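Please read these numbers as outputs of a predicted model, since none were measured by experiment. Here is how names work: the chains are called A, B, and so on, in the same order as the sequence lines, proteins then strands, and each is numbered from 1.
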Amino acid sequence: MSRIENALQKQRAFVPFVTAGDPDARTSLAVLLKLAELGADVIELGVPFSDPMADGPVIQRSSDRAISGGMTLAGVLGLAAEFRRQCDVPLVLFSYFNPILNYGLDRFAADASASGIDGVLLTDVIDAEAAAAARIFGGSGIDLISLIAPTTSDERLELICRNARGFVYAVSRAGVTGARIDVSSAAEALVARARRFTRLPIAVGFGISTREQVEEVWRFADAAVVGSAIVSVIEGSLTSADTVVAVDGFVRSLLPQFAKTGAEN
Amino acid sequence: MNYEPDEKGYFGQYGGRFVPETLVAPLDELTTAYFTHRDDAAFRDEFSDLLTNYVGRPSPLYFAKRLTKTLGGARIYLKREDLNHTGAHKINNCIGQILLARRMGKTRIIAETGAGQHGVATATVCALFGLECVVYMGTEDMRRQAVNVFRMRLLGAEVRGVDSGSCTLKDAINEALRDWVTNVDSTYYLLGSALGPHPYPLMVRDFQSVIGREAREQILAAEGRLPDLLVACVGGGSNSIGLFYEFLNDDVRMIGVEAGGRGPTLGEHAARFMAGGRVGVLQGTKSYLLQDDAGQIAATHSVSAGLDYASIGPEHAHLHDIGRIEYLSASDDAALAAFKTLSETEGIIPALESSHAVAAAIDLAPKMSSDAVMIVNLSGRGDKDIDSVIAAESPDSGRTANI
């Protein structure tokens with residue numbers, strides 16, 4: 001069992017996402033350590049990309065900030081290595097294919113492994129190309145994390161789940177990343193379909209931004225991924241507040257274990 | 001030789017499908033629909049009828065007598081795609097795809113546009129069939145092509161400005177893909193160039209290949225033989241592959257002309273086969289890509305919005321690598337000079353995109369014998385570009401071309 005799979009064995013796991021280098025490498029490292037301290041079971045670290053076609057405006061802007069600050073894939077690996085020296089929480093890189101293709105898949109696998117990366121999720125790689133990447137990453141002990149979506153057919157679900165490593169990431173709805181009002185009923189149906197084909201933990205992401213939504217996801221899935229909502233808090237902190245303090249406050253509001261007894265809701 | 005992609009949509013090592021999982025099902029649905037209908041007689045008849053009676057095809061193959069005489073070399077023919085309804089080759093593909101969208105039961109059409117020609121063509125076919133139409137366009141391009149924005153709105157389309165990234169075609173495609181991934185059930189993405197995930201590069205090429213089929217017949221009738229050279233501009237690559245495809249197995253030299261912009265420095269041009277262009281993945285397809293050392297997509301520049309794009313259709317990447325097609329670039333200044341030359345010698349105002357092909361022809365024709373025959377694809381008309389040309393020749397543009 002991989003470190004990622006092991007970390008998600010517990011029920012009600014919390015998987016935060018942040019863009020590496022947003023707004024700068026030093027703050028990003030402090031945010032990652034804070035997320036670990038607050039009980040993140042796995043952390044997703046976004047590799048900034050100039051053309052994030054699967055992301056909404058919040059993550060797109062965070063990518064732009066990170067790139068403007070000089071963050072590159074090599075820089076992300078450096079950030080991960082620094083985090084790993086101080087903390088054990090598994091890290092999953094979340095990337096579009098081009099930066100990794102440009103870096104070279106073999107070289108990336110070796111360097112990512114040396115930096116303490118446990119898994120990689122490629123937003124825009126599927127099928128044969130995903131299988132090829134999975135073989136290369138697997139050779140360095142890195143799980144290629146697979147995405148499934150409400151539009152994924154049963155036939156594809158079976159194939160994807162059979163080759164999946166670490167956990168399966170279920171996209172809650174058709175659409176880009178970004179906070180939504182409700183958790184789509186499509187997510188629950190998708191998780192139920194996927195359970196028929198895998199015993200790996202299943203995480204649900206895209207659009208989760210409140211404690212109610214986290215608890216709703218935990219009712220039918222193993223882990224809740226919260227991305228854009230945290231990135232929004234980082235963005236909102238840039239002009240006025242301390243970023244780490246702002247993230248700390250938001251994550252405490254998100255997770256029931258921090259709820260004060262007798263507090264409303 | 002076989003120039004068809006494999007079943008995964010690869011032309012050699014280029015193409016394929018690099019998309020979020022959510023888009024796999026709609027792309028499969030589209031592929032199935034395309035292969036079901038493309039050889040269906042009723043579909044072909046309807047396509048052909050609209051090309052004839054709505055678009056006005058065949059477009060003429062015009063012998064440019066004065067240009068030929070002025071240059072003193074090869075006999076130059078112009079394939080007049082600028083005379084199509086809506087003023088460019090883009091309508092050919094839009095007719096094909098709108099017929100497909102209707103057969104698929106889609107009620108909402110989205111598109112991206114650079115110069116606005118594809119947006120206008122999409123808005124036009126949506127008006128023709130009474131379908132909802134949303135066009136994404138970079139705000140920089142909306143500024144450069146204000147007339148086309150007005151035309152699209154007049155045709156009933158909603159034009160949504162995109163102000164992320166470089167605010168040009170690439171960013172409009174990102175936004176269209178985001179729309180599609182969110183509205184997959186109701187929406188048909190009418191992609192305008194031979195780009196994007198499979199089956200778009202194949203499908204767009206097929207719908208545009210009417211250009212080359214006509215040109216082949218027309219040149220045989222006019223000259224009694226095949227041409228020596230074909231020239232076309234290449235942004236994503238739909239007008240060029242549309243002309244070239246029918247001649248791939250013939251002994252005909254072909255040249256694609258990229259946008260050389262202001263010079264060879266990365267960020268100053270949109271020539272993917274020049275310095276800075278390396279194999280990469282953008283917007284669903286693997287091809288040559290202008291990118292920086294970290295794999296971020298580079299900024300591009302061209303005086304023509306329609307060529308201002310960081311990647312190139314995957315079939316072009318393959319034909320480049322196997323040496324079947326040569327690629328050159330023409331600078332902004334050369335294109336502007338060609339814009340003027342064609343206007344003055346033939347009374348034809350070419351689109352700035354097409355002016356890049358004309359610029360290459362002006363350079364090459366005098367070096368060829370007077371027996372040689374070349375066809376230049378005049379992919380669109382230049383009325384839309386008047387404001388850009390006025391701006392380019394203004395004293396503070398720093399430009400030296402005598403327009």
Measure from the side-chain N and O atoms of A:D124 to the backbone N and O of B:F18, and report whether any donor-acceptor pair falls under 3.5 Å.
no
What's the separation between atom CG in B:N174 and atom OG in A:S50, rounded to the nearest 0.5 Å?
8.5 Å
Any side-chain heavy-atom pair of B:P20 and A:M53 under 4.5 Å
yes
Tell me, yes or no, whether the heavy-atom count around B:E4 atom CD, taken from other residues, nucleotides or ligands under 6.0 Å, exceeds 12.
yes
If I measure from the heavy atoms of chain B, does A:S153 come under 4.5 Å with its side chain, its backbone, both, or neither?
neither
Should we say atom CG of B:D293 is surrounded by more than 12 heavy atoms from elsewhere, each under 6.0 Å from it?
no
Chain B shares the most heavy-atom pairs under 4.5 Å, among A:L122, A:V125, A:D55, with A:D55
Heavy-atom distances under 4.5 Å only: say whether A:Y103 touches chain B with side chain, backbone, both or neither.
neither
Answer yes or no: is there a donor N or O on one side and an acceptor on the other, between the side chain of B:Q296 and the main chain of A:P48, under 3.5 Å?
yes
Heavy-atom neighbours of A:R26 CZ exceed 12 at 6.0 Å
no
Would you compute the distance between atom OG of B:S166 and atom CG of A:D51 and round it to the nearest 0.5 angstrom?
7.5 Å
Within 6.0 Å of CZ in A:R193, more than 12 heavy atoms from elsewhere:
yes
Is B:T22 reaching over with its side chain to a backbone N or O of A:A174, donor-acceptor style, under 3.5 angstrom?
no
Given that the side chain runs from C-beta out, which part of B:I173 has a heavy atom under 4.5 Å from chain A: side chain, backbone, both or neither?
neither
When you look at CZ of A:R199, are more than 12 heavy atoms from neighbouring residues, nucleotides or ligands closer to it than 6.0 Å?
no
In terms of heavy-atom pairs under 4.5 Å, which option from B:V279, B:L177, B:V24, B:N183 contacts chain A the most?
B:V24
State which residue, out of A:N102, A:L101, A:I100, fulfils the side chain to side chain contact (heavy atoms under 4.5 Å, CB included) condition with B:V281.
A:L101
Do A:N98 and B:I297 have side-chain heavy atoms sitting under 4.5 Å apart?
yes
Test item: B:E21 and A:R156 side chains (from C-beta on) under 4.5 Å apart, heavy atoms:
yes
Stepwise salt bridge (Lys or Arg N to Asp or Glu O under 4.0 Å) test for A:D127 and B:R17:
CA-CA 9 Å; A:D127 299 344; B:R17 248 188 214 175; 5.7 Å; no
Cut-off 4.5 Å, heavy atoms of chain B, and the answer for A:P52 is both
